[in-house]
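Data first, discussion second: the structure below is written as structure tokens.
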Amino acid sequence: SLHVGFHLRDHPYLAVGIRTGLECGAEKPRDLFAFYDALPASRSRSGARDLHLAVELQLTARCRQLPGKTMPVLTYKAYVILMQSRTAGRVTARSKDPRDPPLLLFNPFGADGDDALALIRHVRELYRLLRRG
């Protein structure tokens with residue numbers, strides 16, 4: 001879930017909107033969850049499976065009224081969540097008062113950019129899968 005990560009190795013994610021073009025039916029659309037570690041984007045350059053590149057995919061369904069459409073259209077908010085981040089954060093004191101909570105600094109797209117590149121590869125793969133549909 002997006003509320004994971006109360007530690008310094010949080011789960012970076014990218015959110016992407018998906019329009020299906022399908023009209024919403026009478027039933028409320030369901031959210032979808034999946035975990036992937038065997039997609040082509042989950043392979044290292046040598047071709048070996050890299051668990052750092054494993055992702056969780058959350059598709060949150062919504063019915064939206066789009067311009068030019070008479071019926072609401074099924075859309076998804078897709079969250080591609082990297083399960084094992086290589087980026088770490090740091091903790092600093094907020095003040096001299098020990099009762100103040102510490103300040104947690106986390107930049108999942110800093111350092112060498114491995115996490116950002118992995119997320120972009122997975123979003124591209126998701127796009128390819130949806131286009132084949």
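- The distance from atom CG of Leu82 to atom OH of Tyr13, rounded to the nearest 0.5 Å, is 13.5 Å.
- Crowding of Tyr127 atom OH: a count of heavy atoms from other residues, nucleotides or ligands under 6.0 Å not exceeding 12.
- Other residues, nucleotides and ligands place no more than 12 heavy atoms under 6.0 Å from the CZ atom of Arg124.
- Cluster membership check: Leu74 does not share its hydrophobic cluster with Met71, using side-chain heavy-atom separations under 4.5 Å among Ile, Leu, Val, Met, Phe, Trp and Tyr.
- With sequence neighbours left out, the side-chain hydrogen bond (donor to acceptor under 3.5 Å, both in side chains) criterion links Ser95 to Asp100.
- Note that CG of Leu117 and NE2 of His122 are 10.0 Å apart. Values are rounded to the nearest 0.5 Å.
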### Task
For Thr20 and Tyr76, run side chain to side chain contact (heavy atoms under 4.5 Å, CB included): C-alpha distance rounded to whole Å, both residues' side-chain angles, the deciding distance at 0.1 Å, then the answer.
CA-CA 8 Å; Thr20 67; Tyr76 286 98; 3.9 Å; yes
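- The distance from the OH atom of Tyr79 to the OG1 atom of Thr60 is 5.0 Å, given to the nearest 0.5 Å.
- In terms of heavy atoms, Leu119 sits closest to Ile81 at CD2-C, 4.4 Å.
- Atoms CZ and CZ, on Arg132 and Arg128 in that order, are 8.0 Å from each other to the nearest 0.5 Å.
- Although no hydrogens or angles enter the test, the distance criterion places a donor-acceptor pair under 3.5 Å between the side chain of Arg94 and the main chain of Pro101.
- Leu59 pairs in a side chain to side chain contact (heavy atoms under 4.5 Å, CB included) with only one of the listed residues (Thr75, Val16, Ile18), which is Ile18.
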For residues 23-32, tabulate all N or O donor-acceptor pairs below 3.5 Å that involve a side-chain atom, not counting sequence neighbours.
| unit_1 | atom_1 | unit_2 | atom_2 | d |
| --- | --- | --- | --- | --- |
| Asp31 | OD1 | Ala61 | N | 2.9 |

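- Both Val123 and Val55 are assigned to one and the same hydrophobic cluster, defined by single-linkage of ILVMFWY side chains at heavy-atom distances under 4.5 Å.
- In this structure, the side chain of Gln65 engages the main chain of Lys69 through a donor-acceptor pair within 3.5 Å.
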